[in-house]
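Only one structure is covered here, and it is reproduced in the block below.
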There are 2 protein chains.
Amino acid sequence: MHQPHPALRQPVTAADRVLLEIQRAIVEGDIAPGSKISEPELARRFDLSRAPLREALARLERCHLIERIPNAGARVVRLSTNGLLALYQLRENLEGLACKLAAEHMTDAEITEVRQLLDQHLSSQRVREGESYYQEAGDLDFHYRVILGSKNSYLINILCDELYYLVRMYRVQLGMNGPRVSRAFDEHKAIINAIANRDGELADLLMRRHIAASRRNIEQQLEQMGT
Amino acid sequence: MHQPHPALRQPVTAADRVLLEIQRAIVEGDIAPGSKISEPELARRFDLSRAPLREALARLERCHLIERIPNAGARVVRLSTNGLLALYQLRENLEGLACKLAAEHMTDAEITEVRQLLDQHLSSQRVREGESYYQEAGDLDFHYRVILGSKNSYLINILCDELYYLVRMYRVQLGMNGPRVSRAFDEHKAIINAIANRDGELADLLMRRHIAASRRNIEQQLEQMGT
DNA sequence: ACGAGATAGATTGTCGACAATGTACGCCTA
DNA sequence: TAGGCGTACATTGTCGACAATCTATCTCGT
């Protein structure tokens, strides 16, 4: 098997473990958006001291899941249309670049692996129609692979470590719905084809459109929720 | 006056202060690239406990100035041709995007301010020809303004807080040299003109070329040093 | 009654010491 | 002599307590 991405090595320290737990809790909405983070409370809840907890909070700030103000504490980030727009503007650009670089740097073996992954997703999708959670994970896996294929460590770090938890947060909390799911597969297929053909320009374009479509999808959900 | 950028608020905490000192020391090469970071030693040197120091180290890792391995310590990043290439690939793209967004979002007042800044740079450049340090600062100031003009907080954060210390490190340690300096002014002028005309596409293109030229310049220096 | 200032409580920032882990040296064996 | 093993040392991770700062409430004056 492969590891989702380099930074997600298995947690060796207490700070690592609590980070993963809080990340999950925020992304899935267990800790409400906008709510205040209390260090003493969390320390009790996870049964550790404030030192590793603060380490975890520093990393949570790094991936934009919380916002800290010196001497005043931290709050869980709040989802907003503007935030979504800013995030996806960046994502379109960065993942477009990742595609372009992947077309240059991915090995044939890596491309084959991604294709097998897509086939696997397709079959599992047919089995459980509509179960969007697995689709969610599968989609992210595809994007991860392409990003890693860029072989640009800074780009990988920004997308996988700093931006993707937020992306997941929007997707999980607003709920990805059905009709878009089947299209996504075709779009993934087209992207990996372009990469396989070493057509970076096309791969870039297709990825931008793919993400733009995803953004419109989430935007709708957000508006629907607002009304 | 204005503040260089939002994240560079005045340091309120001990961790903030020591962060700035170590950042400067690494960027300017006072702490040698590749050297090991010893927490106890730095704690003594800056006369504080390890708690705020570790906070600072976490932020240094965030801006890629050091690399940490759990239970094994941190090392100062090493400059390399590959690293430079990866960094500037990203920078071209991101600052290009920043220009495009700045063309949409900058107010006329902000554009006027940047133009005044450029005139100021031009006159001060004529006075002290060849003093690359001030040019260095001036160039960064121009880029900061444009990046802030994008009004995209994620983009601003990535460029100003996470990537620019590394950019400065390459520029300072490899030394920006003369002939390029005068051209940079013209290129800056062209970029702000495109932004003023609300021509995002052109501004994007010009910025990419501007940064590509800067990259080639530094690349030369690196090769020259390697031989 | 309303706003400014003071005070009490809680929270964050910092400290020094201990525990867990990694590193390096010397020793023993083949 | 070369290589693996074990021990001693140094470094990092974690803990509980103290100091500095902020927030909310209460009081007082106009």
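Worth saying up front: this structure is predicted, and the values here are computed from it rather than measured.
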Within the structure provided, determine whether A:L84 and A:L174 are in side-chain contact (heavy-atom separation under 4.5 Å). no
Do the non-hydrogen side-chain atoms of A:L159 and A:V167 ever get within less than 4.5 Å of each other? no
Atom-pair distance (CZ on A:R75; P on D:dT23), nearest Å: 11 Å
With a 4.0 Å limit, can you tell me whether B:K36 has a side-chain N or O closer than that to the phosphate oxygens OP1/OP2 of D:dT12? yes
Nucleotide interval of DNA chain C bounded by contacts with chain A (heavy-atom cut-off, under 4.0 Å): C:dT11 to C:dT14
Nucleic acid contacts of residues 39-48 of chain B, taken as heavy-atom distances under 4.0 Å to DNA chain D: B:E39, B:P40
Honestly, is A:R91 close enough over A:Y88, meaning NZ or CZ under 6.0 Å from the six-membered ring centre and within 45° of the axis? yes
Would you mind classifying the nucleic acid contact of [X] as base, sugar-phosphate or nothing, using non-hydrogen atoms under 4.0 angstrom?
{"X": "B:A14", "answer": "sugar-phosphate"}
{"X": "A:I69", "answer": "nothing"}
{"X": "A:I37", "answer": "sugar-phosphate"}

side-chain contact (heavy atoms from CB on, under 4.5 Å) with A:V77: which residues, sequence neighbours excluded? A:E67, A:L166, A:M169
Decide if atom CZ of B:R24 counts as having more than 12 heavy atoms of other residues, nucleotides or ligands within a radius under 6.0 Å. yes
Verify the ring-centre separation between B:H143 and B:H188: is it less than 6.0 angstrom? yes
Decide if the gap between the ring center of A:Y144 and the ring center of A:Y164 is smaller than 6.0 angstrom. yes
Go through the steps to decide whether A:H64 and A:E162 satisfy the test side-chain hydrogen bond (donor to acceptor under 3.5 Å, both in side chains), and finish with yes or no. CA-CA 7 Å; A:H64 306 280; A:E162 296 177 5; 5.0 Å; no
